[in-house]
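Okay, structure first, notes after.
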Amino acid sequence: MKKITIIALALITLGATSQIVEKNIDKEEVKTVVTTNLKETDEGNEQIYFQHDDDKHSSLIEKIGF
């Protein structure tokens with residue numbers, strides 16, 4: 001019973017915190033920052049070239065892209 005009470009209080013606290021944060025966000029400022037800093041690219045679904053110059057000396061991790 002104690003664990004359920006703790007979980008319920010945690011959920012209520014998170015919900016209340018998210019509501020407070022949402023009300024305090026300046027939505028116009030967020031909109032301005034997003035439209036200024038994030039730009040769309042016209043490249044669409046251009047294929048990405050993942051090949052290395054010298055695949056003989058590449059490790060398995062490099063070959064799969066990490």
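Everything numeric in this text was worked out from a predicted model, so none of it was measured. In this chain, residues are counted from 1 in sequence order.
- When the side-chain contact (heavy atoms from CB on, under 4.5 Å) test is applied to T17, the partners found at least two apart in sequence or on another chain are T13, V21.
- K2 NZ to I4 CD1: the interatomic distance, rounded to the nearest 0.5 Å, is 13.5 Å.
- Annotation for L11: hydrophobic cluster partners, listed by chain and number, are I7 (ILVMFWY side-chain heavy atoms under 4.5 Å, direct or chained).
- Residue I12 is not grouped with residue I20 when hydrophobic side chains (ILVMFWY) are merged at heavy-atom distances under 4.5 angstrom, including chains of intermediate members.
- Contacts of E28 classified as side-chain contact (heavy atoms from CB on, under 4.5 Å), with partners at least two apart in sequence or in another chain: D26, K31.
- Across all non-hydrogen atoms, the minimal contact from T36 to T32 is OG1-O, 2.6 Å.
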